[in-house]
Number of protein chains: 2
Amino acid sequence: MKLTVRGEYALRALTHLGVRHSAKVIQISSISAAENIPKRFLEQILNDLRTGGFVESRRGVAGGYRLAKPPEKIVIAGVIRHIEGALAPIGCVSENYYEKCNCPDEARCALRSIMKEVRDSIAHLLEKTTLADLVTRAEKLRAADLSDADFVI
Amino acid sequence: MKLTVRGEYALRALTHLGVRHSAKVIQISSISAAENIPKRFLEQILNDLRTGGFVESRRGVAGGYRLAKPPEKIVIAGVIRHIEGALAPIGCVSENYYEKCNCPDEARCALRSIMKEVRDSIAHLLEKTTLADLVTRAEKLRAADLSDADFVI
DNA sequence: AGAATCCAGACCGATTCAATCAAGTATTCG
DNA sequence: CGAATACTTGATTGAATCGGTCTGGATTCT
């Protein structure tokens, strides 16, 4: 039931771009340093996000990445599907990456029926949250941090 | 976000035992044949389920496996945790298999905050469903099948 | 031209996965 | 008892995946 590190990095990088969303591009090395992600690996991931249409890039000396659309339009479920594949815990209940399972009778498989519920609950949650939500959370958590600091002083 | 085949087999085997729950034991080969699971592999998995306290075994010529407790007492979340590990999509939001992630500040990580929701929704679902539910579903699906057959005739 | 930056894809070592095998132990039955 | 049966334990294997690096190229700015 795990998200790979690759997916985690992708979402962290997107959040980074989302918080700083503007016409300006941000360099890989800058994201890599701030988010503690190996640069070469991140390079690969951002490229993948680009082919997925989530970010766009600028080459050359003043190059970098920025979001390809506003954060509200970037759905987390879509990002994970692009980077990782199915959301569903088993292939035979996946809507987007269905594959037949080897149980004797799929239509009458009890496991399938409960795993479908799991899938639906995951999908429902990730389908309704967008990068904008992640950004909001990030900012809210940051604000909480600052007020804590005030309180301590 | 995937359950491994191993986990799937474990749950299918348990369901098989649940439907036929009694004092009598059932042989590996019988389960293997009915559920279309490689025998040697299933052997390994049932053993694992035994050390987890979900099934108990009888050796020798009339040997086999049966549930170690009534189906209502076997919680699906527990089975998956024993066979697969964490339910949570990332380690830093797991209650039972926590591991630190490499983001700069875990307490203020937006991704963590949303993945925690995913974890909770998965855990909530799997924590409240027991093997008894799987058995009920299996029987209900089977009944639907039979009435279909009647209708056709 | 030269430096900085993204782009494309091969490559690699380690781990995990699914599955098999071999040898051992317990139990029943003739 | 002894043979047959079935679980037990742990090693092994081949393939796939994972996290990550490396090389070499294409673009753009100065």
Side-chain angles (χ1 to χ4, degrees), chain A residues 1-13 17 24-33 35-66 68 80 83-86 89-91 97 99 101-103, chain B residues 1-13 17 24-33 35-52 54-68 80 83-86 89-91 97 99 101-103:
Chain A
M1 312 289 265
K2 271 216 180 296
L3 196 73
T4 64
V5 174
R6 192 189 182 78
E8 188 199 318
Y9 288 167
L11 290 170
R12 293 235 310 275
L17 290 177
K24 279 214 194 82
V25 297
I26 298 176
Q27 289 159 234
I28 290 181
S29 23
S30 155
I31 306 177
S32 159
E35 296 289 339
N36 192 26
I37 301 172
K39 189 180 159 188
R40 288 277 163 82
F41 196 22
L42 180 58
E43 205 166 325
Q44 197 180 104
I45 293 165
L46 281 170
N47 227 305
D48 198 358
L49 285 173
R50 186 177 52 85
T51 67
F54 303 106
V55 299
E56 54 195 21
S57 63
R58 226 180 111 74
R59 292 212 207 187
V61 68
Y65 286 91
R66 68 168 168 237
I80 296 183
I83 299 284
E84 308 256 328
I90 51 182
Y97 295 86
E99 43 189 313
C101 70
N102 67 339
C103 73
Chain B
M1 310 291 265
K2 270 218 180 301
L3 198 71
T4 64
V5 174
R6 191 188 183 80
E8 188 198 318
Y9 287 168
L11 290 171
R12 293 236 310 274
L17 290 177
K24 279 213 194 81
V25 298
I26 298 176
Q27 288 159 238
I28 290 181
S29 22
S30 156
I31 306 176
S32 158
E35 297 289 338
N36 193 25
I37 301 173
K39 189 180 161 189
R40 296 291 173 111
F41 196 21
L42 181 58
E43 211 166 273
Q44 196 180 106
I45 293 166
L46 281 170
N47 226 300
D48 199 358
L49 285 173
R50 186 175 54 82
T51 67
F54 301 107
V55 300
E56 54 195 22
S57 63
R58 226 180 112 74
R59 295 212 210 189
V61 69
Y65 285 91
R66 70 169 165 236
L67 298 183
I80 295 183
I83 299 284
E84 307 256 330
I90 50 181
Y97 295 85
E99 42 188 314
C101 71
N102 68 340
C103 71

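Only this structure's heavy atoms are used, side chains among them; waters, hydrogens and symmetry mates stay out. We name chains A, B, ... by the order of the sequence lines, and we start the count at 1 in each one. These numbers come from a predicted model, not from an experiment.
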In whole Å, I'd like the distance from the CD atom of B/Glu56 to the P atom of D/dT8. 11 Å
Kindly give the atom pairs (protein nitrogen or oxygen, nucleotide nitrogen or oxygen) under 3.5 Å for nucleotides 19-23 of chain D.
{"from": "D/dG19", "atom 1": "OP1", "to": "A/Val5", "atom 2": "N", "distance (Å)": "3.0"}
{"from": "D/dG20", "atom 1": "OP2", "to": "A/Tyr9", "atom 2": "OH", "distance (Å)": "3.3"}
{"from": "D/dT21", "atom 1": "O4", "to": "A/Gln44", "atom 2": "NE2", "distance (Å)": "2.7"}

So, A/Ser57 side chain and A/Gly64 main chain: donor-acceptor pair closer than 3.5 Å or not? no
A/Arg58 side chain to A/Val25 main-chain N or O, any donor-acceptor pair under 3.5 Å? no
What I'd like to find out is whether the side chain of A/Asn102 reaches to under 4.5 Å of the side chain of B/Tyr9, using heavy atoms alone. yes
Within this structure, what is the CG-to-C1' distance between B/Leu42 and C/dC21, rounded to whole angstrom? 16 Å
D/dA16 P sits how many Å from A/Glu99 CD, rounded? 14 Å
Would you confirm whether A/Ser32, through its side chain, and A/Ile37, through its main-chain N or O, come within 3.5 Å as a donor-acceptor pair? yes
Identify, with sequence neighbours excluded, every residue that meets salt bridge (charged side-chain N to carboxylate O under 4.0 Å, His left out) alongside A/Arg6. A/Asp48
Just checking B/Ile28: base, sugar-phosphate only, or nothing, at a heavy-atom cut-off of under 4.0 Å? sugar-phosphate
Spacing between A/Leu46 atom CG and C/dT5 atom P, to the nearest angstrom: 14 Å
Is the side chain of A/Glu84 donor-acceptor paired with the backbone N or O of A/Leu3 at a distance under 3.5 Å, no angle test? no
Beyond-backbone contact of A/Arg66 with A/Lys24, side-chain heavy atoms, under 4.5 angstrom: no
Would you mind building the protein contact string for nucleotides 24-30 of chain C? One character per nucleotide, 5' to 3', B for base within reach (heavy atoms under 4.0 Å), S for sugar-phosphate only, - for untouched. BBBBB--
A/Lys24 has an atom NZ; how far is it from atom C1' of C/dT5, in whole Å? 18 Å
What is the distance, to the nearest angstrom, from the CD1 atom on B/Ile37 to the P atom on C/dT20? 12 Å
Out of C/dC7, D/dT8, D/dC7, whichever nucleotide has its closest atom nearest the side chain of B/Arg50: D/dT8
Rounded to the nearest Å, what distance is computed from the CG atom of residue A/Asp48 to the P atom of nucleotide C/dC6? 16 Å
Taken to the nearest whole Å, CD1/A/Ile83 to P/D/dT17 is 16 Å
CG on B/Leu17 to CZ on B/Phe54, rounded to 0.5 Å: 13.0 Å
Side chain proximity check, A/Asn47 to A/Arg50, heavy atoms < 4.5 angstrom: yes
For A/Asn47 and C/dA8, is the shortest distance between a side-chain N/O and OP1 or OP2 below 4.0 Å? yes
